[in-house]
Q: 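Below you will find the structure I want to go over with you.
Just so you know, these numbers use all the heavy atoms, side chains as well, and skip hydrogens, waters and symmetry mates. Everything numeric here is computed off the predicted structure, so don't read it as measured data.
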Amino acid sequence: MAFLFYFEPMNYTCVNAKLFPADQPVLMADNRGYRYGDGLFETMKLVNGTIQLSNFHFERLFASMELLKFDIPGLLNAEKLHQDIIQLCYKNKCEKLARIRLSVFRGNGGLNDGDKTPAYIIECWPLNESFNQLNENGLVIGIYPEAKKSCDIFSNLKSSNYLPYTMAAQFAKENKWNDAIVLNQYGRVADMSIANIFIIKEDTVITPALSEGGVKGVMRRYLVEQLRSVGYEVREEAITVHDINHADEVFLTNAIFGIRWVKQFNDKIYPSVKTVKIFNQLIKTISA
């Protein structure tokens, strides 16, 4: 029951503004992203030629690059990356509905030498219409117990250092779950392997504060802002496993799915009444 992504083979990738056949090698063995995880990535959704929440994605990317002390050249900016993404999606004939991965890494070489200029790779794959719809079959989730996310200045980044999430996703698959909760160093909820988590308690929507170590999700940011703008009480605070067990409803968010309803955690079964309302009010509109 784990998340299954099937993507048709790409025809082309974009590497530093140049198109290459997708089956052509483009990285050197001393690539710093490959060697050290010295990089970042953005996962975006394209709908009818438009990148959803593009401003949020590029704000996060460039703020993260500054935090990691990338030497960003003037020609590498949001407008240029946006153009390259759109061009690639049209080239691969997936401009109607697509998943995009933009990877940025700090050149080639060792830890203390080599090229420190950032480079990037763009990939894209077509999606089917189910990615614009709320799941009818609720997700089953559990806890990944083997790793704890630290709560530091790097914990909110969508970085290439993705091992805890990789292993959490594998653990979920082994246990026939759709996703797994990743805990922080204090044993509280950080996020999921591929999503942020929200719970609903009575009329309040609650999600772990960014200080709890989760990734600073773009869809999370959008939803927190929009829920407040239409009158929901939203709290960003510490969430425990006990809180999830006693929630009225639970849902997950990311840039590709928007919202996914969680049906079961441990022996607790959740309805989807308020989740459906939030999806129809705030998510369905940006997927139109």
Q: Apply side chain to side chain contact (heavy atoms under 4.5 Å, CB included) to residues I199 and Y270 and explain how you reach the verdict.
A: CA-CA 10 Å; I199 66 174; Y270 308 99; over 6 Å; no
Q: Could you walk me through whether I256 and I194 pass the side chain to side chain contact (heavy atoms under 4.5 Å, CB included) test, one step at a time?
A: CA-CA 10 Å; I256 302 301; I194 61 168; over 6 Å; no
Q: Quick one: does Y222's side chain have a donor or acceptor within less than 3.5 Å of a partner on L282's backbone?
A: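 Checked: pair present.
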Q: Could you tell me whether E174 atom CD has more than 12 heavy atoms of other residues or ligands within 6.0 Å of it?
A: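 Counting neighbours around CD of E174, more than 12 heavy atoms of other residues, nucleotides or ligands fall under 6.0 Å, so yes.
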Q: Given F257 and F131, is the ring pair (Phe, Tyr, Trp, His ring centres under 6.0 Å) satisfied, shown in steps?
A: CA-CA 5 Å; F257 290 111; F131 288 84; 5.3 Å; yes
Q: Quick check: are there more than 12 heavy atoms from other residues, nucleotides or ligands sitting under 6.0 Å from OH of Y34?
A: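 No, not enclosed.
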Q: Around atom CG of L75, are there more than 12 heavy atoms of other residues, nucleotides or ligands at under 6.0 Å?
A: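 Open: at most 12 neighbouring heavy atoms sit under 6.0 Å from CG of L75.
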Q: Could you check whether K216 pairs with E236 (Lys NZ or Arg NE/NH1/NH2 to Asp/Glu carboxylate O, under 4.0 Å)?
A: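 No.
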Q: About how many Å separate CG of L27 and CZ of R35, when rounded to the nearest 0.5 Å?
A: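 Output value for this atom pair is 12.5 Å.
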Q: For N161 versus G37, what's the shortest heavy-atom pair and its separation?
A: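 What the structure gives for the nearest pair is ND2-O, 2.8 Å.
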Q: Roughly how far, to the nearest 0.5 Å, is CE of M65 from OH of Y120?
A: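 So the gap between those two atoms works out to 10.5 Å.
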Q: NZ of K268: more than 12 outside heavy atoms within 6.0 angstrom?
A: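 More than 12 heavy atoms, drawn from other residues, nucleotides or ligands, come within 6.0 Å of this atom.
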Q: Are the side chain of T207 and the backbone N or O of I197 linked by a donor-acceptor pair below 3.5 Å?
A: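 Yes.
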Q: I'd like to know whether CD of Q24 has more than 12 heavy-atom contacts from other residues, nucleotides or ligands below 6.0 angstrom.
A: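 Atom CD in Q24 is packed in, count exceeds 12.
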Q: May I ask you to decide if I239's main-chain N or O and E237's side chain share a donor-acceptor pair within less than 3.5 Å?
A: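 Judged by distance alone, no pair lies under 3.5 Å.
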Q: If you count heavy atoms of other groups shown closer than 6.0 angstrom to CG of N137, is the number above 12?
A: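 Not buried by this count: 12 neighbours or fewer within 6.0 Å.
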Q: Would you say the side-chain atoms of R106 pair up with the backbone N or O of L68, donor to acceptor, closer than 3.5 Å?
A: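 Checked: pair present.
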Q: If you measure only the distance, is there a donor-acceptor pair under 3.5 Å linking the side chains of Q185 and S150?
A: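 S150 and Q185 do not have a side-chain donor-acceptor pair below 3.5 Å.
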Q: Are Y162 and F105 connected, step by step, through hydrophobic side chains (Ile, Leu, Val, Met, Phe, Trp, Tyr) whose heavy atoms are closer than 4.5 Å?
A: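 Different hydrophobic clusters.
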Q: Closer than 3.5 angstrom, by distance alone: can the side chain of K149 be matched with the main-chain N or O of S155 as a donor-acceptor pair?
A: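 Side chain of K149 to backbone of S155: a pair is present.
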Q: Would K45 and N132 count as having a side-chain donor-acceptor pair, cut-off 3.5 Å?
A: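 The answer is yes; a qualifying pair exists.
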Q: Surrounding OH of Y36 (heavy atoms of other residues, nucleotides or ligands, distance under 6.0 Å), is the total greater than 12?
A: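 Yes.
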Q: Would L76 end up clustered with L88 when hydrophobic side chains under 4.5 Å apart are linked, directly or stepwise?
A: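 They do share one cluster, since a chain of ILVMFWY contacts under 4.5 Å joins L76 to L88.
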Q: Distance-only, no hydrogens or angles: does the N175 side chain make a donor-acceptor pair with backbone N or O of W177 under 3.5 Å?
A: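 No, N175 side chain to W177 backbone: no donor-acceptor pair under 3.5 Å.
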Q: Between R101 and I122, does a side chain to side chain contact (heavy atoms under 4.5 Å, CB included) hold up when you go through it step by step?
A: CA-CA 6 Å; R101 181 183 170 103; I122 304 169; over 6 Å; no
Q: For residues N156 and G213, report the shortest heavy-atom separation together with the two atoms involved.
A: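 Taking N156 first and G213 second, the nearest heavy atoms are ND2-C, 4.2 Å.
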Q: Taking R99 for the side chain and C124 for the main chain, is one N or O donor matched with an acceptor at less than 3.5 Å?
A: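 Here the side-chain-to-backbone pair does not exist.
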Q: Relative to each other, are the rings of F251 and F198 parallel, tilted or perpendicular (30° and 60° limits)?
A: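 Plane angle under 30°, so parallel.
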Q: Side chains of E212 and V189, heavy atoms from C-beta outward: is any pair under 4.5 Å?
A: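 Of all side-chain heavy-atom pairs linking V189 with E212, none is under 4.5 Å.
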Q: Please give me the minimum heavy-atom distance between L61 and V104, naming the atom from each residue.
A: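 The answer is CD1-CG2, 4.0 Å.
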Q: List the steps and the verdict of side chain to side chain contact (heavy atoms under 4.5 Å, CB included) for I283 and T253.
A: CA-CA 10 Å; I283 301 299; T253 64; over 6 Å; no
Q: Under the 3.5 angstrom rule, does the side chain of D179 hit a backbone N or O of A172 as a donor-acceptor pair?
A: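 No, the answer is negative, given that no donor and acceptor are paired below the 3.5 Å cut-off.
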Q: Test of understanding: with salt bridge (Lys or Arg N to Asp or Glu O under 4.0 Å), list the residues that count as partners of K274, not counting sequence neighbours.
A: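 D203.
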Q: For the pair H82 (side chain) and A78 (backbone), establish whether a donor and an acceptor sit closer than 3.5 Å, ignoring hydrogens and angles.
A: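 Not at all, since once roles are kept as given, no pair shorter than 3.5 Å links the two residues.
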Q: Run the salt-bridge test on K277 and E249 with the 4.0 Å N-O cut-off and return the result as yes or no.
A: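 Answer for the salt bridge query: no.
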Q: Using atom types as modelled and distance alone, determine if a side-chain donor or acceptor of D243 lies under 3.5 Å from a backbone N or O of T240.
A: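 Side chain of D243 to backbone of T240: a pair is present.
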Q: Does atom NZ of K96 have more than 12 heavy-atom neighbours from other groups under 6.0 Å away?
A: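 Check fails, neighbour count at 12 or below.
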